[in-house]
Structure formats: structure tokens, C-alpha cells
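Remember, it's 1-based here, ligands and their atoms both numbered in the order they're listed.
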Amino acid sequence: MTGTRATSEAARPIGAGHIEKLIDEFAALSEPGTGVTRLGYSALEREAHAVFARELSALGLTVWTDTAGNTVAELPGRVEGAPAIGTGSHLDSVPQAGRFDGIAGVCAAIEAARAVVSSGWRPRATWRFVAFAAEEGARFGQACNGSRAAAGIVSPPQLDALADAHGVTMTEAMRAVGLEPGRIAESRWNSEEWLAFIELHIEQGTVLEASDTVIGVVDAISGSTRLLVRLDGVASHTGGTPMHQRQDALVAAAECVLLCERVATDATHHGTRVTVGRLDVHPGSITTIPGRVAFTIDVRDFDSARQRRTAHLLDDRFRQICAERGVGIDTTIIGDTSPVILPVDLVDTIVRAARDLDLPYRLLSSGASHDSQQISRITRTGMIFVPSVGGLSHVPEETTSFADIARGTDVLVRAMAAVDAEWGALA
Ligand code: GLV
Ligand code: MN
Ligand code: MN
């Protein structure tokens, strides 16, 4: 079979109906309350992985879950022992999330598998469909634990060192849902077994919508450095303590928060994004001066040196602010991921797939982190974005049209088939 024929036979149009049903089923697996809450290494996340496993087992694929909690389904190719072409994304969410972040890419993987199996066409290479565990850094700080384990950069002491807001370490959370953190090294993927990985994801921004484009071809993924900052002041009576005698941890924190915005918007930080997303105030009483405050800093950048420099600069300046106010400070790095440039040949493959399907496309960069960022340590990695309505994400209002996910999945299958054909031509 020629490369072109292989590509077109694998790529039959994907219907939006199945995707909608799956998105609804995953969304129902949530803690009660607003939006979807299905945190990494929770029982609900495991239930979502079971749905993924059920769907792919029903298609006749071999399915397993590794020690990090990633679920993988394999469709063997026509060539025995052939390397793998993969796709997938994550099934966990931030608190009070929408229904699409990560899930769209997992549904695309399921529908890609369904399309290939039902077409009767068999790839030459092995195709793998993946649901990664614990991608969101919202619970433990460090994002992408499952894909970092697949990349071979997670060790058991790191899992002990990260804890959620309730003090539960990642090790404890993993054990509680039946995983094996002590054996996390076994989740490492072997580069030699891989040809390429392509992830579909919602854009989480407005570039596609604003340009009336259906397909985003990602050329770079932003990095992030995350800090947990603890300030120690003196709690005391709000009526009895004169203003000049205070060591108010929250007022010091407020100066720090404003500094973050000033630094991120100065002339030397074009494109840097700094956010304080969590701020816990103790004791949290209307009549007590805040004695302790803990807050998080998320520094995102496409320039890896500037990302780390900015985190250092903020830490230094926070110390000055606290010294002037007689407030103690302790800073811990809880997450650190470098930006990556995605390989141009896979960008080209995805562009060609969009063109062949007559879908409007454009190149863009990802401000958010993704599992693909980690998988790019193992194999050539590409990303396909589909539009986010109003650019909203990490909120219950997050929306992407099912038809756009289906179109993105068409591009995904076509791009995977093109990689398969290229490899077949060389093998
Ligand atoms: C992942 O959603 C991130 O926080 O970038
Ligand atoms: Mn995501
Ligand atoms: Mn996310």
C-alpha cells in the first residue's frame, strides 16, 4: 500500500456523537459542587481510567495500567515488534474545572482507535492510546506526574516531597488508589520503542477562535516554575494592636502579589506570566491580624532562562518586603518544567493532514503545560489544538464544540497514519 492510500484509508470522518457521550460520561465522575473536580490520584480519576480501559478493551486492544497510573492500550501493527505511534492526554482535572481539558484528547484517542479498528485498515507500526495520570499541578504543585514518569524523571523521594493542601503526599495518594509509587521507575518508556506521539488538546486561549481557525498546530510549549511561599508574622488582636506595631503576614503577601504583576508586565518580561493562584490566611478571623500566610507562585515563560531568573528575582524581592515588615519567609520550589520547541517535521505532518482535509489551520504556541512536553524527552512529539469558546479554561464554563473535537481527531488519525506510512516506506 502506498503512503497516500494508507493515510486516506485510516482517516474516515469521525462523528461528534460518540465524543459527546464520552465527554458526558467523564464529566459525571466528579466531586459534588460546581464544575468538574476529579483530582490527580483520586478514586474518581481511577474510575475515569477504568472507562478509558473499558472502551479500548471493547475494541479488542490490549490494555494495561503502569505503576504511575497511566493507562495504555495497544493496537498491534502488521509488522511484528514495530515501534509505536501514540496519542492521548489526561483524565484528571483542576478543582471546579470544565469538561474538556485533557478529556478532549483522551476522547480523540478513543475515537481514533475506534475509527482505525472499524475501518479494517491495519497500521504497519504499533499504535498506542494513552490516558496519563495526574497531569494537573493543581493538587501537588508539580504537573504531569504520569508523563514525567513515562519520561523517566520521577523518583520515589520526589513523590514523598510533594503534598496536597491537606498534607497528603503524592506517595500516600498513589498508594491509596492502588498504585505503586515505590516502583515508579518501571513506568519509564523506552525511546527505542517509539516513532512519535501526537496529543490533541483544547487551546485554552483565543487565538483559534479570533482567527476563525479550526486546527491549531503547536510549535512550542511554555515552561513553568512554581513556588510555595510561607510568611510568618505575628497574629494578635485587631482592636488592641496599633498599626505601627504590626507584623501582618497578609499585608506583606499583598505587596508580594502586586510585585508579581509589576515584574511580569515590565519591559523585560514581554510574554512572561506570573500568577498567585492560592493564598491561605491563618487564622482567618475577622478580629485577628493574619499571623501566617501561604501562597503559590506560577511563573510561565517560553524563555527557560528568564523563567528561572524571574522566580529567583521574585524570591529575592519577597525577602526584602518581608524584612522591612518583620515577617519571616520560607520559599520552596514545588514544580519546575522547561519550555520545549516541538520538532518541525511533525508540525509539517500535522499541517499536511489539516490541508488534506481542507480544514483551516494555523501555527501557535501553547501557554499551558501538557503531557507532550514530557513525552518529547522520549520521542518526536506533536500537538493539535482545537478552539476553546471564549478562550476559557480551568473553569466550569470551559467549552469546545464536539464537531471541532471530531475534526481535530480526523487530523490526528491522518497525521498518525502519515507517520506510519513514512516509517513503512523506510522500514
Ligand atoms: C495545565 O493545565 C497547566 O496548568 O498548564
Ligand atoms: Mn490539559
Ligand atoms: Mn489543565
Side-chain angles (χ1 to χ4, degrees), residues 23 26-27 30 35-42 45 48-49 52 70 87-109 130-148 150 162 164 197-205 216 218 220-228 271-278 296-302 304 307 334-340 364-376 381-388 391-400 405 408 412:
I23 297 259
F26 285 122
S30 170
V36 175
T37 300
R38 188 170 57 245
L39 302 182
Y41 296 136
S42 64
E45 186 204 37
H49 278 247
F52 175 75
N70 303 312
T87 186
S89 193
H90 61 97
L91 284 170
D92 62 320
S93 82
V94 300
Q96 302 189 358
R99 305 189 300 155
F100 296 88
D101 173 2
I103 322 310
V106 172
C107 293
V130 186
F132 291 107
E135 188 267 358
E136 299 290 0
R139 181 170 180 192
F140 297 102
Q142 177 67 61
C144 298
N145 198 61
S147 49
R148 283 166 61 85
L162 293 170
D164 68 11
F197 190 90
I198 304 177
E199 176 177 7
L200 179 145
H201 202 282
I202 58 167
E203 183 202 335
Q204 306 177 287
V218 180
I221 306 176
S222 173
S224 72
T225 298
R226 294 174 183 164
L227 309 177
L228 174 63
T272 307
R273 290 137 289 138
V274 182
T275 310
V276 176
R278 219 172 74 204
T296 56
I297 303 285
D298 184 12
V299 181
R300 308 249 190 169
D301 214 311
F302 288 97
S304 73
Q307 178 184 313
I334 53 169
D336 190 57
T337 303
S338 296
V340 299
L364 79 181
S365 304
S366 171
S369 305
H370 297 289
D371 291 308
S372 285
Q373 203 159 355
Q374 305 303 331
I375 296 308
S376 69
T381 300
M383 284 198 81
I384 298 167
F385 273 179
V386 288
S388 293
L392 292 173
S393 187
H394 281 187
V395 289
E397 295 76 19
E398 175 183 88
T399 308
T400 291
I405 299 173
L412 171 69

Out of all atoms in ligand 1, which are within 4.0 Å of some heavy atom of S369? Include the element for each. 1 (C), 3 (C), 5 (O)
Quick check: does H90 put an N/O/S atom under 2.8 Å from the Mn ion (ligand 3)? no
Can you find an N/O atom of Q204 closer than 3.5 Å to an N/O atom of ligand 1? no
Kindly assign one of parallel, tilted or perpendicular to the pair H201 and F385, based on the angle between their ring planes and the thresholds 30° and 60°. tilted
Answer with yes or no whether the side chains of D164 and Y41 bring together a donor and an acceptor at under 3.5 Å. no
Counting heavy atoms only, name the option from E135, Q373, R300 that's nearest to atom 4 (O) of ligand 1. R300
Hey, which atoms in ligand 1 end up nearer than 4.0 Å to a heavy atom of R226? 4 (O)
Given 3.5 Å as the limit, does a donor-acceptor pair link the side chain of T37 with the main chain of Q96, or not? yes
Walk me through it: do T337 and Q374 pass the test side chain to side chain contact (heavy atoms under 4.5 Å, CB included)? CA-CA 9 Å; T337 303; Q374 305 303 331; 3.4 Å; yes
Taking 2.8 Å as the cut-off, does H370 contribute an N, O or S atom near the Mn ion (ligand 2), distance below it? no
Judged by non-hydrogen atoms, does H90 sit under 4.0 Å from ligand 1? no
Provide the number and element of each atom of ligand 1 under 4.0 Å from a heavy atom of A368. 5 (O)
Once rounded to 10°, what is the value of the angle centred on the Mn ion (ligand 3) between H394 NE2 and E136 OE1? 90°
Please verify whether a non-hydrogen atom of H370 lies at under 4.0 Å from ligand 1. no
Is there a donor in the side chain of Q204 and an acceptor in the side chain of S388, or the other way round, less than 3.5 Å apart? no
Looking at the Mn ion (ligand 2), is one of the N, O or S atoms of D101 less than 2.8 Å from it? yes
T272 and D301: side-chain donor and acceptor closer than 3.5 Å? yes
Can you find a side-chain donor-acceptor pair between S42 and R139 that sits under 3.5 Å? no
With distance as the sole criterion, is a donor-acceptor pair present between the side chains of S369 and R300 under 3.5 Å? yes
